[in-house]
Every structure is written in structure tokens, then in C-alpha cells.
Amino acid sequence: MDDLDRAIVFHLSQDGRLTNVELAQRVGLTPAPCLRRVKRLESEGIITGYRARIDPAATGRGFEVMVSVEISINDLQTVEELEGAITAYDEVVEVHRLFGRPDYLIRVAVEDSATFETFLTTKLMALRAVARVDSHMIMKKLKTSD
């Protein structure tokens, strides 16, 4: 990636709805070479997609909790089953497997604390590999990668 590619990625990360003409003007190219660069960045997997940012509260998912999970069973089949279950839950919006402890950091977005409690007790804690769960309610988002 050169400086023009970095500029394209920057501007598209700020506003993925820019037209090619607007993007070309911002990075100092004419539209045709700008479009070629964007297509190349997409084909190389540098640009992986475009999406809308949604206000979680407006969709009934304004209660967010970071959940750290430690597991007690570490065989490959159990880990794959656990990860398959966690990533399939609609309430889970982000999952990270970590080095060390905890084993997983999970961001959960639901309507309210009662809905979170139901999710925690009937889904997450019901997974046989889960040994320990710590929940951390988000007070305020200071920075997000969205």
C-alpha cells in the first residue's frame, strides 16, 4: 500500500458511502484510477466490506456488557462447539479468543439488564465448557472502531 491507497482507505473508513467522484477528489486522483485502486484494495482483501452504523439504543440493544469467560475444558472439539454456540447467539455482537486469562472476551448487546440476565443464565452459563463468567456493564463509550 502506498500513500494514495492509505488515503483511500482512510476516507472510505470515515464514510463508506462516498461516491467514486467524491473519493477521487479527496485523494487527488481522477475517477478512473481511483476506482481501479478501490477495486484492487477490495480484491486484495484490504477493504473487506461496507456497512451502516446503527444506533444500538434505537434498535432495542442499548444495554451493552463486556463478558469475560474462562473455560475448564480445552480439547479442540469442545472449544469449537463453544465458539460455534457463542458466535451463533444473536445477543453476541463481538467475540475475541485471548491468550492467557480470561479465555474469551465477549461483547453482548441487549435491551436491558433483565434480558442480559436471561441470556447469561440460560445460554452462556449453560455451555458445559464455561467455568467462570465475569460481567462488566459499559458505562460510556469513549471510542469505537465503528
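Along the sequence shown, residues are numbered consecutively beginning with 1.
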Contact check, side chains of S135 and V67, non-hydrogen atoms, under 4.5 Å:
yes
D134 and R101: CA distance, side-chain angles, deciding distance, salt bridge (Lys or Arg N to Asp or Glu O under 4.0 Å) verdict:
CA-CA 12 Å; D134 288 316; R101 299 224 188 254; over 6 Å; no
Ignoring hydrogens, what is the shortest heavy-atom contact between P31 and V21? Give both atom names and the distance.
CG-CG2, 4.2 Å
Determine, step by step, whether I86 and L127 satisfy the side chain to side chain contact (heavy atoms under 4.5 Å, CB included) criterion, reporting the C-alpha distance in whole Å, the side-chain angles of both residues, the deciding distance to 0.1 Å, and the verdict.
CA-CA 9 Å; I86 290 171; L127 298 171; 3.9 Å; yes
Should R26 and F10 count as side-chain neighbours, where that means a heavy-atom distance under 4.5 Å?
no
Test: D90 and K123 ion pair at under 4.0 Å
no
Stepwise, does the side chain to side chain contact (heavy atoms under 4.5 Å, CB included) test hold for D15 with E22?
CA-CA 11 Å; D15 183 358; E22 292 170 321; 5.9 Å; no
Could you give the distance from CG (L18) to CG (L23), rounded to the nearest 0.5 Å?
6.0 Å
L35 CG to R40 CZ distance, which is reported to the nearest 0.5 Å
12.0 Å
Flag yes if I106 and M66 sit in one hydrophobic cluster, no otherwise; membership is Ile, Leu, Val, Met, Phe, Trp, Tyr, and two members link when side-chain heavy atoms are under 4.5 Å apart.
no
Distance (rounded to the nearest 0.5 Å) between S72 OG and N74 CG:
8.0 Å
Treating R6 as the side-chain partner and M1 as the backbone partner, does any N or O pair qualify as donor plus acceptor under 3.5 Å?
yes
D2 and R37 ion-paired at < 4.0 Å
yes
For residues R53 and Q14, report the shortest heavy-atom separation together with the two atoms involved.
NH2-O, 3.6 Å
Hey, quick one: are I71 and L105 part of the same hydrophobic cluster, counting side-chain heavy atoms closer than 4.5 Å, chains of contacts allowed?
no
Between CD of E83 and CD of E80, what distance do you get to the nearest 0.5 Å?
7.5 Å
Any donor-acceptor pair under 3.5 Å from T48 side chain to G45 backbone:
no
d(D55 CG, R61 CZ) to nearest 0.5 Å is 12.5 Å
Would you say Y89 ends up clustered with V69 if hydrophobic residues are merged whenever their side chains have heavy atoms under 4.5 Å apart, either directly or through other cluster members?
yes
Side chain to side chain contact (heavy atoms under 4.5 Å, CB included), paired with Y104, selected from L82, L124, L98:
L82
Nearest 0.5 Å, please: how far is CD1 in I46 from CG in L12?
12.0 Å
Over 60° means perpendicular and under 30° means parallel, so classify the ring planes of F63 and F116, tilted if in between.
tilted
